[in-house]
Structure formats: C-alpha cells, structure tokens
Novice: 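Okay, handing you the structure first.
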Amino acid sequence: MTPDQVSLVQDSFAKVAPISEQAAVIFYDRLFEVAPAVKSMFPADLTEQRKKLMATLAVVVNGLGNLGSVLPAASALAKRHVNYGAKAEHYPVVGSALLWTLKKGLGEAWTPDVAAAWTAAYGTLSGYMIAEAYGSPQAAE
C-alpha cells in the first residue's frame, strides 16, 4: 500500500466510525445474504460480534501506517478463525461484503481511489491472514 492509500483508508474509516453500529449491521446482513452458509459460524445474537468487528477494523486501519504493528494480531485472529470453521475461500466473500458496506456507508465519498485503497488494504491483510492460517499464500480479492 502507498502512503496515499493508507491515508484514504484511514480518512474514509473516520467517516464510518460515527455510524459503526449501523455499518456492522449492514455488513453482517450483506455477508449472510451473499453467503448464507457462513451464518452458522456466528452466534444468534450478533451484538458483541458487531462490536468486535468494528473494534478490530479500527485497530487495523489505525495500524496501516505501521503494518508490522498489526500483523501479530492479524495472525492470531486468522488462526482463531480456523477454529470457527473459516476457510480460505471465505476471505474474498468477507472482503466483498466489507467493500459493499463501505460503499453504502460512504456514499459519494466512495471514490475509485478510496475503493482501490480499501481493496489494497483488504488484499494485503487477507493474503497475510490466509498464509498464517493455512500455511500457503493465496490471493484474496
């Protein structure tokens, strides 16, 4: 990721943060719409899960300028997800739901440059997490 992309992700996430609860609802609704089979991996009450999602995103987004600072936590998270039944092929679906949510939440602020920056950020982190969890690097778009 370029420094400009890091700034775009951080600036756009700052616009989503005030509506983080709503954004998390939109994200999980979209995820379960496009991948209904993953719903069984989650608790029936998503209240805490939604908070965890937004807190984790905040940590990652804030750490993008120093990626090494978030990689240990990303590795641990990836390994925990294996225990929940997550597979490498779920990462692109999650990424798609995340980008869709951000597009909805940001409206006109979702520009091609912002989309490219978020795609780069998600691709970088998900690729790393897949490699950590499953032992082989795989592209996640």
Novice: Which atoms form the tightest heavy-atom contact between Gly65 and Val6, and what is the distance?
Specialist: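 In this case the closest contact between Gly65 and Val6 is N-CG1, 3.8 Å.
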
Novice: Does some side-chain heavy atom of Leu125 sit less than 4.5 Å from a side-chain heavy atom of Leu67?
Specialist: yes

Novice: Is it true that Val38 and Leu99 fall in one hydrophobic cluster, defined by side-chain heavy atoms closer than 4.5 Å?
Specialist: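 Hydrophobic grouping puts Val38 with Leu99.
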
Novice: Atom CD of residue position Glu33 - does it have more than 12 heavy atoms of other residues, nucleotides or ligands inside 6.0 Å?
Specialist: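 It does: Glu33 CD has more than 12 such atoms within range.
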
Novice: Under 3.5 Å, side chain of His90 to main-chain N/O of Ala86, donor-acceptor pair present?
Specialist: no

Novice: Below 4.5 Å, heavy atoms only, C-beta onward: do Val34 and Trp100 meet side chain to side chain?
Specialist: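 Side chain of Val34 against side chain of Trp100, heavy atoms only: no contact under 4.5 Å found.
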
Novice: Do Leu106 and Leu64 share a hydrophobic cluster, counting only Ile, Leu, Val, Met, Phe, Trp and Tyr and linking them when any side-chain heavy atoms are less than 4.5 Å apart?
Specialist: yes

Novice: Take Val16 and Leu57, measure what side-chain contact (heavy atoms from CB on, under 4.5 Å) needs, and give me the verdict at the end.
Specialist: CA-CA 11 Å; Val16 174; Leu57 276 174; over 6 Å; no

Novice: Can you give me the closest heavy-atom contact between Thr101 and Ala97, atom names plus distance?
Specialist: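 That closest heavy-atom pairing would be OG1-O, 2.7 Å.
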
Novice: Using 30° and 60° as the class boundaries, would you call the ring planes of Trp118 and Phe13 parallel, tilted or perpendicular?
Specialist: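 It falls in the tilted class, 30° to 60°.
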
Novice: Measuring from atom OG1 of Thr119 to atom CE of Met1, what distance do you get when rounded to the nearest 0.5 angstrom?
Specialist: 9.5 Å

Novice: Hydrogens and angles aside, do Asp45 and Thr47 bring a side-chain donor and acceptor to less than 3.5 Å of each other?
Specialist: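 Looking only at side-chain atoms, Thr47 and Asp45 do form a donor-acceptor pair, the distance falling under 3.5 Å.
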
Novice: Within this structure, what is the CE-OG1 distance for the pair Met54 and Thr56, rounded to the nearest 0.5 Å?
Specialist: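 Between Met54 CE and Thr56 OG1, I get 10.0 Å after rounding to 0.5 Å.
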
Novice: Is there a side-chain contact between Tyr128 and Ser75, using heavy atoms and a 4.5 Å cut-off?
Specialist: yes

Novice: Give, for atom CE of Met129 and atom OG of Ser126, the distance between the pair rounded to the nearest 0.5 Å.
Specialist: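 It comes to 8.0 Å.
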
Novice: Could you go through the side-chain contact (heavy atoms from CB on, under 4.5 Å) check for Leu31 and Phe42 one step at a time?
Specialist: CA-CA 11 Å; Leu31 179 62; Phe42 294 90; 4.2 Å; yes

Novice: Give the ring-plane orientation class for Tyr28 versus Phe32, where under 30° counts as parallel, over 60° as perpendicular and anything between as tilted.
Specialist: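 The arrangement is tilted - the two ring planes meet at 30° to 60°.
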
Novice: How long is the straight-line distance from OG of Ser7 back to CG of Asp113, given to the nearest 0.5 Å?
Specialist: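 Between Asp113 CG and Ser7 OG, I get 12.0 Å after rounding to 0.5 Å.
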
Novice: Between atom CG of Leu71 and atom CG of Leu77, what is the distance when rounded to the nearest 0.5 Å?
Specialist: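 CG of Leu77 is found 12.0 Å from CG of Leu71.
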
